[in-house]
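The shown structure was predicted, so the numbers you read here are calculated from the model rather than taken from an experiment.
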Amino acid sequence: MSPLHVAPAALSAPVVQCRTTADFLAALPFFLGFTPRNSLVAVMFSGSRSRTGLRLDLPRDNSRETAQAVSSTLLTALESLRGAPRPGIPDTGRHAGIRPAEREYRPAVALVLATNRRFTATSDAPWRTFASGIAQELIRSGFEVRELSCLAANGWVNYLEPDPPPLGHPLEDIVTSPVSLSARFRSEHVPDFAALGRLPDPEPQRATAIAAALATDSRCTSSQAKPISIERTAAAARRLRAPEPLSIADSVDLIRTLATPAQWVGVVFGLMMSPEATTHMMSDPTTSQFFAQLSPQRDGAGNAHYPAVLGIFSGLGAMSPGRERLTDVRDRLQTATAECPSEHRIPLLALCALAWWLSGLQSVAHRHIEAARAINSAHPLVLTMQLLISTPAHLTPGAHR
């Protein structure tokens, strides 16, 4: 099954008026935070405002049978996301004059299929059969489908048009949309989905210095139990939250700190709440036992992971910090990970995965865990995070128990 990518509308994002389907397609990357490729995107609405976006990989075939299978996954995710409205992209105006209160009893969704396929003179619009099957399943389940569009490599089409052009509408309609023009005026850049979460190229001098500092460090290489340092843990969380870039010494200390599982967990709490809260939790006689006794357990298949961590972290999605803070933390983490020698990277990759998962970007979180698995697929932290991110962060707390 394709991992879900959940993109809540940013509270600080400007309201974008979308009067046409071309406007909506132009606004979609800014709403999601990336440009979708080979994706099925669903945008939920509350009244005339978009609220949340979901992304799934497009399947291999364009059949109604496949549409039914994908619809089951999509419907489960959409139902889990129904709740309090969030601001975002206003509706295309098709329902102007209808008060939101008259429409909100029926959940509404816009569907976009972004594909590398092309319109041709000898075939129907790309993915039409699949799109029609998805829409029918959603309508049958009580959803209102407001948009059903295809964004292909050489054009776009609204499948709901009564007489769409055989070769689609020109992409120029999207490029010249007021939404696109406004974004270019503001110099806004949206990364491609394939580039989202990609580690940056490390600065050679920094990477060499960090590797040298870690080369003889038993705190990162020893398999023996390491003493827990409350001060080091709180300091690592504080550095990741600070606006300044990490220095070489900061990165070295971060790698050393995260190498100890109890400190890794403590840093997470420091990011989610505050470094001061972590200090209290790790020193309080009651809660400090959790950190002191943290150890991996083996399941029936002999795989070792941290069930205590899994149980607690399953509810983190409901208390996720602000999107802006997570964005800054992710940037610092990815820079530190890129500069870190591969043999020390697993704790950093696991923390990157957690940060992306908490941001609603489950697909990107999977990429980081796959990179960690390539280093050591049996690492308890890798297995723990693999289990955690298998369910989107917004779903019911305790889903892994």
Side-chain touch Ile134/Leu148, heavy atoms, less than 4.5 angstrom
no
Contacts of Arg367 meeting salt bridge (Lys or Arg N to Asp or Glu O under 4.0 Å) (sequence neighbours excluded), chain-then-number -> none
I'd like to check Phe313 versus Met272 (side-chain heavy atoms, cut-off strictly below 4.5 Å). Are they in contact?
no
* CG/Asp61: more than 12 non-hydrogen atoms of other groups inside 6.0 Å -> yes
What I'd like to find out is whether the side chain of Leu111 reaches to under 4.5 Å of the side chain of Val41, using heavy atoms alone. no
### Query
Does the pair Trp264 and Leu354 meet the rule for a side chain to side chain contact (heavy atoms under 4.5 Å, CB included), with working shown?
CA-CA 11 Å; Trp264 187 95; Leu354 181 66; 4.3 Å; yes
In this structure, CG of Leu349 is separated from SG of Cys340 (nearest 0.5 Å) by 8.0 Å
Could you check if a side-chain atom of Thr278 sits within less than 4.5 angstrom of a side-chain atom of Val267, using non-hydrogen atoms only? no
Review point. Is there side-chain contact between Gln263 and Ile228, with at least one heavy-atom pair below 4.5 Å?
Key: yes
Counting only N and O atoms by type, is there a donor-acceptor contact under 3.5 Å from the side chain of Thr335 to the main-chain atoms of Asp331?
-> yes
Criterion side chain to side chain contact (heavy atoms under 4.5 Å, CB included) on Arg55 and Ser363, from CA distance to verdict
CA-CA 9 Å; Arg55 191 208 74 89; Ser363 302; 3.4 Å; yes
side-chain contact (heavy atoms from CB on, under 4.5 Å) filter on Ser283, not counting sequence neighbours, yields Ile230
Quiz item: Is Ser177 reaching over with its side chain to a backbone N or O of Val179, donor-acceptor style, under 3.5 angstrom?
Solution: yes
Any side-chain heavy-atom pair from Arg64 and Ser132 closer than 4.5 angstrom? yes
Worksheet item: Is there a donor-acceptor pair closer than 3.5 Å between any side-chain N or O of Gln362 and the backbone N or O of Ile389?
Response: yes
Here the pair of heavy atoms bringing Val382 nearest to Ala372 is CG2-CB, 3.7 Å
Contacts satisfying ring-ring contact (aromatic ring centres under 6.0 Å, His included) that involve residues 149-181 (not counting sequence neighbours) are Trp156-His169
For Ala153, the side-chain contact (heavy atoms from CB on, under 4.5 Å) test, sequence neighbours excluded, returns Arg118
Note to self: Please determine whether side chain to side chain contact (heavy atoms under 4.5 Å, CB included) holds for the pair Leu294 and Val309, giving the CA-CA distance in whole Å, both sets of side-chain angles, and the decisive distance to 0.1 Å.
What the structure shows: CA-CA 8 Å; Leu294 186 64; Val309 172; 3.6 Å; yes
**Message:** Can you confirm whether Leu246 sits close enough to Leu254 that some side-chain heavy atom of one is under 4.5 Å from a side-chain heavy atom of the other?
**Reply:** yes
key: Thr76 side chain to Thr73 side chain, donor-acceptor N/O pair below 3.5 angstrom   = no
Mind checking whether Val112 and Pro36 have side chains closer than 4.5 Å, heavy atoms only? no
| request: Check whether any side-chain N or O of Ser182 sits under 3.5 Å from a backbone N or O of Pro178 as a donor-acceptor pair, and report yes or no. | output: no
Exercise for review: Evaluate side chain to side chain donor-acceptor pair (under 3.5 Å) for Arg345 paired with Thr337, printing each intermediate quantity in order.
Suggested key: CA-CA 6 Å; Arg345 275 190 182 182; Thr337 304; over 6 Å; no
* To do: Could you tell me how the ring of His368 sits relative to the ring of Trp356: parallel (under 30°), tilted (30 to 60°) or perpendicular (over 60°)?
  => parallel
For Thr129, the side-chain hydrogen bond (donor to acceptor under 3.5 Å, both in side chains) test, sequence neighbours excluded, returns none
>> Quick one, Thr384 with Leu388, criterion side chain to side chain contact (heavy atoms under 4.5 Å, CB included). Give me CA distance, side-chain angles, the key distance, then yes/no.
In response: CA-CA 6 Å; Thr384 302; Leu388 179 69; 5.6 Å; no
With sequence neighbours left out, the residues meeting side-chain contact (heavy atoms from CB on, under 4.5 Å) with Ala338 are Leu199, Pro200, Pro202
**Report entry** Salt bridge present between Arg146 and Glu144 (N-O < 4.0 angstrom)
**Finding:** yes
With sequence neighbours left out, the residues meeting salt bridge (Lys or Arg N to Asp or Glu O under 4.0 Å) with Glu370 are Arg373
- Message: Would the distance check show the side chain of Thr260 and the main-chain N or O of Ala262 forming a donor-acceptor pair, the cut-off being under 3.5 Å?
- Response: no
Taking Asn158's backbone N and O only, do any of them form a donor-acceptor pair with Ser149's side chain (distance below 3.5 Å, no angle check)?
no
Hits for salt bridge (Lys or Arg N to Asp or Glu O under 4.0 Å) against Arg37, two or more places apart or cross-chain, chain-then-number order -> Asp192
Looking only at heavy atoms, the pair that brings Ile375 and Ser342 closest together is CD1-O, 3.5 Å
- Task: Could you tell me whether Arg239 and Asp253 have a side-chain N and a carboxylate O separated by less than 4.0 Å?
- Result: yes
Taking every heavy atom of Thr176 against every heavy atom of Leu181, the minimum-distance pair comes out as O-CD1, 3.5 Å
For residues 158-181, the salt bridge (charged side-chain N to carboxylate O under 4.0 Å, His left out) pairs (sequence neighbours left out) are none
Rounded to the nearest 0.5 angstrom, the CZ-CE distance for Phe269 and Met281 is 4.0 Å
dist Leu58:CG -> Leu40:CG (nearest 0.5 Å) comes out at 6.5 Å
Answer yes or no: is there a donor N or O on one side and an acceptor on the other, between the side chain of Ser71 and the main chain of Ala67, under 3.5 Å? yes
Check: Between Arg238 and Glu276, is the closest basic N to carboxylate O distance under 4.0 Å?
Finding: yes
By salt bridge (Lys or Arg N to Asp or Glu O under 4.0 Å), Glu203 pairs with (sequence neighbours left out) none
Residue pairs passing the ring-ring contact (aromatic ring centres under 6.0 Å, His included) test with at least one member in residues 117-136, sequence neighbours excluded, are Trp127-Phe130
Q. Can you tell me if Arg256 uses its side chain to pair, donor with acceptor, with the backbone of Leu214 under 3.5 Å?
A. no
By side-chain contact (heavy atoms from CB on, under 4.5 Å), Leu383 pairs with (sequence neighbours left out) Asn303, His305, Gln386
Heavy-atom closest pair (Pro296 atom, Pro380 atom, distance to 0.1 Å) is CB-CB, 3.9 Å
(message) Any side-chain to backbone donor/acceptor pair from Thr208 onto Pro204? Under 3.5 Å, distance only.
(response) yes
- prompt: Would you call Asp23 and Arg19 a salt bridge, taking side-chain N to carboxylate O under 4.0 Å as the test?
  reply: no
